[in-house]
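Not measured: the values here are computed from a predicted model. Below, chain A is the first sequence line, B the second, and so on; all start at residue 1.
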Number of protein chains: 2
Amino acid sequence: MKKQITLQDIADSLQTTRATVSRALSNHPSISQEMKDKVAAAAKKMGYRNNRIATSLRSGKSYVIGVLIPSANISFFGSIVHGIDKIARDHGYSLLLIQTEESEEKERKGIETLLALKVDGILASLTKETKDDLHFHHALEEGTPVVLFDRVGNNEDIPCVVNNDFQGAMEATAHLIEQGYRNIFHIGGPQHLPIFQKRYQGYKAALSEAKIRFQEEWFIEGNVSIESGENAVSEWLKNDLMPDAIFAVEDYTALGAINALKAANIKIPEQVGIIGFANELFGKYITPSLSTMDQQTELMGKQAMQLLLDILQDKTNATRFEQKNIVVKPVYRASTNN
Amino acid sequence: MKKQITLQDIADSLQTTRATVSRALSNHPSISQEMKDKVAAAAKKMGYRNNRIATSLRSGKSYVIGVLIPSANISFFGSIVHGIDKIARDHGYSLLLIQTEESEEKERKGIETLLALKVDGILASLTKETKDDLHFHHALEEGTPVVLFDRVGNNEDIPCVVNNDFQGAMEATAHLIEQGYRNIFHIGGPQHLPIFQKRYQGYKAALSEAKIRFQEEWFIEGNVSIESGENAVSEWLKNDLMPDAIFAVEDYTALGAINALKAANIKIPEQVGIIGFANELFGKYITPSLSTMDQQTELMGKQAMQLLLDILQDKTNATRFEQKNIVVKPVYRASTNN
DNA sequence: CTGTTAGCGCCTTCAG
DNA sequence: CTGAAGGCGCTAACAG
């Protein structure tokens, strides 16, 4: 195990001082080219490597961004992280990843960890259960900018990047109507989260535009999971409610619904059409293949990181609010091919 | 933006010194309970938060682990990260994520970044093109332990966690034999990668054990993709070679094979049985559902992190070598139900 | 153009 | 049981 080479070591070898070496390495204008060359050569020869911990402590900048997601196991979030990283890396930032596992408590602790680690900024998607976003304001108060994406809560003051959920839900529902379906049910997500609320509203707007009268029993508030889809369908069947199409709030819910319909020997898309939301990878390969709304996850990650960068650079206005909307793109497949 | 509260601030408010406050907060035995209580109260009241950057600089431990993966976008790796995090979090470690995007150059730079950030350890899966693992030895020389997982290269000296591919492939093939299939073909992966080589060998071993004579035309080297599976099957059909079962090197290849078989109106599993490898999510939902070998990705992540922890704790022997094998578990579904 | 000096916030000997 | 003092490695005034 080699001893770490410091600025002092280079300075000693060149009979100069740490300050000069530091400036030379960061290409400071007031250092002679000759000295810069000498320093660069010595640094390389001695195997010098900047200790970013020390730099951070001194400069107050860590060049690390904290990323909070429910789970790395969900391809939607994996894809977003992928997008975030592409932009972050280009600007010299590294990512610290924290999984909240849909627990508000872990989310809170995650923020604490990130603040203790002095990250330069935070990108986050709320958990399903997050009602209270005080901990994010906590970060803002300490001067750590936050950008939310996808699940953004009800904040009017935290910058965020979201899909155009209302629009997307409306399109999805309209597509079902175009395909000739009329009794279109909706399995929603937790209504305290705006994204799920907006999808519900978009769904109702599409019905109303087509003069289809929405009925209360057509809606069940699920919790964004396979089981949620299964339960909703069995609930309806038990009560002799027969949809001829289902708009599921996202793909896993749609998958659950498909399972339940198949188990009840109901033909998709002939008897019941079904469309999801997210464009998860599996949708393309299941039988029947799943119609869905593509959320352009990688783009969302890129935009979120870009927005954070803008805020980090815009020193005069670190607390500004901005919302970016990403258009959701339809992907129609077999499950709605009536 | 609040000023950061430091140990000094707490010390001032209690008319004591930083040293005492520091010790009180870390529950040092030689501090009176009374003082500890006072310090704790003041810290809480003032909103003190440990600055981990400073602690790291001073102590030489960062409690951050660097994770290098090809892409967060691939569910296999997302799942591994998920497993890593579960163990890491329980031990107070955070994860720094770096994507290599299958580029050896990015892998090399990633290691540099992690070393500059003074991570306590590195977990990595090699890129497809990595031939030269000098950069990992670089890390080891500086005293930063490394544990590889899944794609581990040919190292004899870096600790690693891998699936038991030979064993898994053998079981998969044996299962086909038990189901009564005899002409069992194999669509493989790039043979320069050890994991795919081992699966090929396991397949042949199972045949030989059952006294089935392997024939050269039964094997096609694919490239781990849906197209690869489609192409292999059409190739065989074109040459009037009819397998009665196929062992595909992984699930996407199996999926391609299924597509091609369906297109040729061949019944699965009646005419041709098929088994994959990986247990990707979609396998459960396609028709027929896909038999496969479960790689237990989350477990792999957990084991890798656990191994790293062991090494970090075992100070006397930081450069030891160890290899953990994870058993691949069969998941038999409709595609092989003869 | 380069050197001196003074910390960033924390921990840890060494002395009381 | 607590205080004093030094330093982790780096950067950024302020002086030459």
Side-chain angles (χ1 to χ4, degrees), chain A residues 1-40 42-43 46-64 92 115-120 142-143, chain B residues 1-40 42-43 46-64 92 115-120 142-143:
Chain A
M1 170 167 168
K2 285 193 288 193
K3 180 197 163 297
Q4 183 181 169
I5 307 298
T6 70
L7 291 182
Q8 187 68 60
D9 296 325
I10 299 182
D12 288 349
S13 88
L14 296 174
Q15 332 240 39
T16 175
T17 61
R18 287 173 295 169
T20 301
V21 175
S22 170
R23 283 186 281 236
L25 288 172
S26 52
N27 203 25
H28 190 96
S30 74
I31 294 284
S32 68
Q33 190 55 48
E34 191 196 345
M35 182 55 99
K36 283 181 185 168
D37 293 344
K38 267 165 53 184
V39 168
M46 302 173 72
Y48 171 76
R49 170 177 299 122
N50 180 7
N51 182 332
R52 280 177 57 180
I53 296 273
T55 303
S56 294
L57 181 60
R58 182 60 235 251
S59 69
K61 283 214 67 175
S62 64
Y63 281 94
V64 172
L115 293 178
L117 283 163
K118 301 287 165 215
V119 297
D120 289 346
E142 302 205 2
Chain B
M1 172 165 166
K2 286 193 289 193
K3 181 197 161 295
Q4 184 181 169
I5 307 297
T6 71
L7 291 182
Q8 186 68 61
D9 297 323
I10 299 182
D12 289 348
S13 89
L14 296 173
Q15 330 241 39
T16 176
T17 60
R18 289 173 296 171
T20 301
V21 174
S22 170
R23 282 187 281 235
L25 287 173
S26 52
N27 203 23
H28 190 95
S30 73
I31 295 284
S32 67
Q33 191 55 47
E34 189 196 345
M35 181 57 99
K36 283 181 186 167
D37 293 343
K38 269 164 53 183
V39 167
M46 303 174 73
Y48 171 77
R49 169 178 298 122
N50 181 3
N51 181 332
R52 280 179 56 179
I53 296 276
T55 303
S56 293
L57 181 59
R58 180 61 234 257
S59 70
K61 282 215 70 176
S62 63
Y63 281 95
V64 172
L115 292 178
L117 283 164
K118 302 287 167 215
V119 296
D120 289 346
E142 301 204 3

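Checking the phosphate oxygens (OP1, OP2) of D/dC10, no side-chain nitrogen or oxygen of A/Ser56 falls inside 4.0 Å.
Atom CD of A/Gln33 sits in a crowded spot, with more than 12 heavy atoms from other residues, nucleotides or ligands closer than 6.0 Å.
The side chain to side chain contact (heavy atoms under 4.5 Å, CB included) with B/Thr16 is formed by just one residue from the set B/Ile10, B/Val39, B/Val21; it is B/Val21.
Across residues 7-21 of chain B, B/Leu7, B/Arg18, B/Ala19 each have a non-hydrogen atom less than 4.0 Å from an atom of DNA chain C (numbered order).
At the heavy-atom level, A/Ser59 lies nowhere under 4.0 Å from the strands shown.
Side-chain atoms of A/Asp120 come within 3.5 Å of backbone atoms of A/Ser62 as a donor-acceptor pair (strictly under, hydrogens ignored). Side-chain atoms of A/Ser56 come within 3.5 Å of backbone atoms of A/Arg52 as a donor-acceptor pair (strictly under, hydrogens ignored).
Taking atom CG of residue A/Asn51 and atom P of nucleotide C/dC8, one finds them 18 Å apart after rounding to whole Å. Rounded to a whole Å, the CZ atom of A/Arg58 is 16 Å from the P atom of C/dC10. As a whole-Å value, the separation of B/Lys118 NZ from D/dC10 P is 8 Å. Here D/dG9 presents its C1' atom at 8 Å from OH of A/Tyr48, a figure rounded to the nearest Å. As a whole-Å value, the separation of B/His28 NE2 from D/dC1 C1' is 9 Å. Between the C1' atom of C/dC8 and the CG atom of A/Leu57 lies a distance of 4 Å, rounded to the nearest Å. In this structure, CD1 of A/Ile31 is placed 13 Å from P of D/dT11, rounded to the nearest angstrom. Whole-Å rounding puts the A/Asn50 CG to D/dG9 C1' distance at 9 Å.
Where B/Ser32 and A/Thr6 meet DNA chain D, the nucleotide closest to each residue was compared, and B/Ser32 sits on the side nearer the 5' end. Mapped onto DNA chain D by nearest heavy atom, B/Ala54 and B/Gln33 fall at different nucleotides, with B/Gln33 at the one closer to the 5' end.
Annotation: the span from A/Arg58 atom CZ to B/Ile53 atom CD1 amounts to 14.5 Å, rounded to 0.5 Å. In this structure, NZ in B/Lys118 is found 6.5 Å from CZ in A/Arg49, a value given to the nearest 0.5 Å.
A/Arg23 contributes a side-chain N or O that forms a donor-acceptor pair with the base of C/dG3 under 3.5 Å.
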Go through it in stages, so that I can follow the logic: the residues are A/Asn51 and A/Thr6, the test is side chain to side chain donor-acceptor pair (under 3.5 Å), and I'd like the CA-CA distance, side-chain angles, deciding distance and then a yes or no.
CA-CA 8 Å; A/Asn51 182 332; A/Thr6 70; over 6 Å; no
